[in-house]
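Everything on this sheet refers to the single structure shown next.
Letters A, B, ... are given to chains in the order of the sequence lines, protein chains preceding strands, and every chain is numbered from 1. We use all heavy atoms of the structure for the numbers below, so side chains are in, but hydrogens, waters and symmetry mates are not.
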2 protein chains.
Amino acid sequence: MTKLEEFLSSLETSDTPDQVQKLVESLRDIYGVTNAIYHAVNLDGAPYAALTYSPEWMDHYQAQKYVQVDPVVRGALQHFHPMDWKRLDWSSKGSRSFLGEATGAGIGNQGLSIPIRGPNGQFALFTVNHECSDREWEVFSKEAKRDMMLISHFLHQQVVKIVMPDGPRQYERLSPRETDTLKYLAVGLTRGQIAEKLQISEHTLRVYIDSARFKLGALNTVHAVATAYSRGLITF
Amino acid sequence: MTKLEEFLSSLETSDTPDQVQKLVESLRDIYGVTNAIYHAVNLDGAPYAALTYSPEWMDHYQAQKYVQVDPVVRGALQHFHPMDWKRLDWSSKGSRSFLGEATGAGIGNQGLSIPIRGPNGQFALFTVNHECSDREWEVFSKEAKRDMMLISHFLHQQVVKIVMPDGPRQYERLSPRETDTLKYLAVGLTRGQIAEKLQISEHTLRVYIDSARFKLGALNTVHAVATAYSRGLITF
DNA sequence: TGGAAATTCCCCTAAAATAGCGAGGGTTAA
DNA sequence: TTAACCCTCGCTATTTTAGGGGAATTTCCA
């Protein structure tokens, strides 16, 4: 039984946050790394975390608002592939002071972070980090990278199942015209321009905006466009 | 050498669209399926496709605007995990007529589709489909699912490298205040409400909207929020 | 230390958004 | 067939936002 299968088999039986926490700890032990971190930014509005960092470091991280300077987070939002920490941009002043404190807090000097993106604006970050030499890390990285990619995916999947047991909410569908309207609004066209593009009166266009807003439960146009985008109803 | 490694090794040497096309065809042959399809909705604004469907079917698909009724596409936008076609919602009238035409066009009755989400609103869909019995498909599905997940990831990664060789564009960063402002705008708050929340005057708030709009190259507020969201600068 | 950026404040007018009232014809599904 | 939804258009009214100016701090980075 491979490490990956060992982990995935225990994953399936984990259906409470406590068990997920234990899972992340077991992951750390199975792969022999210093820390393993799963952190979802936005699951049904609330954040979610399961990690092996010390509570002190977490408090400090939050108090200092490190999420704003943490190059891992910033990199994750802009990248697709797993990121080796060595390749991130640690140049800014904030990053460097953060790095100093992080190494002081027992966080490995090596790390691999995997961005996870789901529907409805879901975004999560899965990280393993380790205290070791560059050469050791290279070996580990090469061996375990694909495992980590799959693990990050399945772990997120499982967390979503726990946090939102009813599955993806079935939202009301938008009509083609409503979709068109929101799509054009999202790229910055004015009502007049969109009406012309769709060959309808500006007033009719307004009806679509209104009905889309109503269906999406949005407070205003900006909210409607943002909501439609986050639900995957429109794409750029 | 496993099938996966066989594919990934040829992936690395493919750095033109033509070679990617060949790659997808070789993928079909390596795994012995009827079709393999990679389709990116939004890479740098333009779509991208590499697939083994006949040109006739593609033309027909586009002419009929099937993308609007295709349950695979709709499901992909709402799901995270690989989707078995059997579990999709084929109930609507449009879906059923689409299904009829698709099976007539030599598209397998079984399929697995994997949504791929990247930064900056990247969205792609990787699909393999096959003409076979439920039992055969179950065996294939169990064996190859993880391979497909990794392949979809690496394939997208490679396509991005080809289409955008300069890597992720380095956009101008937003200041914390600008980020806050856009975040609150995205959830439907009015300027007055946001100003109150941030304890600043409404006029000041406007400066942030303006500067954010300018930095993002957005035509108006809606555009700015949509752009910020798609670039991962704000999250819900 | 000097300049760039961030943060804060203000006025103005035209445009857009929101809300309310209406109407008619077409398609679809129960 | 009837109800529900989609697409289309008209009018009025109020509130809010957009975007054009200008200007003062502080904070941060080179």
Note to self: Can you tell me which nucleotide in D/dC6, C/dT18, C/dT8 comes closest to the side chain of A/Ile209?
What the structure shows: C/dT18
Check: Taking the nucleotide of DNA chain C with the closest heavy atom to each, which residue, B/Leu174 or B/Thr204, is nearer the 5' end?
Finding: B/Leu174
Item checked: Any A/Tyr208 side-chain N or O less than 4.0 Å from OP1/OP2 of D/dC6 -> no
Item checked: Euclidean distance, atom CG of residue A/Asn220 to atom C1' of D/dT17 [Å, nearest integer] -> 11 Å
Note to self: Expressed as a whole number of angstroms, how long is the span from A/Arg177:CZ to C/dG26:P?
What the structure shows: 17 Å
Notebook entry, point to check: Within this structure, what is the CD-to-P distance between A/Glu178 and D/dC5, rounded to whole angstrom?
Noted result: 11 Å
Check: What's the verdict on side-chain hydrogen bond (donor to acceptor under 3.5 Å, both in side chains) for B/Gln110 and B/Asp134, showing C-alpha distance, side-chain angles and the deciding distance?
Finding: CA-CA 8 Å; B/Gln110 311 282 0; B/Asp134 283 13; 2.7 Å; yes
Note to self: Measure CD/B/Glu202 against P/C/dC11 and give the value in whole Å, please.
What the structure shows: 12 Å
Notebook entry, point to check: Does A/His203 make a side-chain donor-acceptor contact with the base of D/dC11, cut-off 3.5 Å?
Noted result: yes
Note to self: What's B/Leu219 touching, base or sugar-phosphate or nothing? Going by heavy atoms closer than 4.0 Å.
What the structure shows: sugar-phosphate
Next item on the list: Answer yes or no: side-chain N or O of A/Arg206 and base N or O of C/dG20 forming a donor-acceptor pair under 3.5 Å.
Entry: yes
Next item on the list: Check the distance between C/dG22's P and A/Asp210's CG and give it to me in whole angstrom.
Entry: 16 Å
Check: Which whole-number value in Å describes the distance from B/Arg213 CZ to D/dA18 P?
Finding: 7 Å
Note to self: Is the ring pair B/Trp137/B/His130 parallel, tilted or perpendicular, if the boundaries are 30 and 60 degrees?
What the structure shows: tilted
Next item on the list: Walk me through it: do A/Met164 and A/Gln122 pass the test side-chain contact (heavy atoms from CB on, under 4.5 Å)?
Entry: CA-CA 12 Å; A/Met164 297 183 279; A/Gln122 283 170 19; 3.5 Å; yes
Check: Can you find a side chain N or O atom of B/Thr190 that sits less than 4.0 Å from OP1 or OP2 on D/dT16?
Finding: no
Note to self: Below the 4.0 Å mark, does D/dC7 have OP1 or OP2 next to a side-chain nitrogen or oxygen of A/Ser175?
What the structure shows: yes
Next item on the list: Taking the six-membered ring for Trp and the full ring for Phe, Tyr or His, determine whether the centres of A/His153 and A/Phe126 are under 6.0 Å apart.
Entry: no
Note to self: We want to know whether A/Thr52 and A/Asn35 form a side-chain donor-acceptor pair, criterion being a heavy-atom distance below 3.5 angstrom.
What the structure shows: yes
Notebook entry, point to check: Rounded to whole angstroms, how far apart are CG on B/Leu182 and C1' on D/dT17?
Noted result: 15 Å
Next item on the list: Please figure out whether B/Val207 or A/Arg191 has its closest DNA chain C nucleotide nearer the 5' end.
Entry: B/Val207
Next item on the list: May I have the distance from A/Glu196 (atom CD) to D/dC9 (atom P), rounded to whole angstrom?
Entry: 13 Å
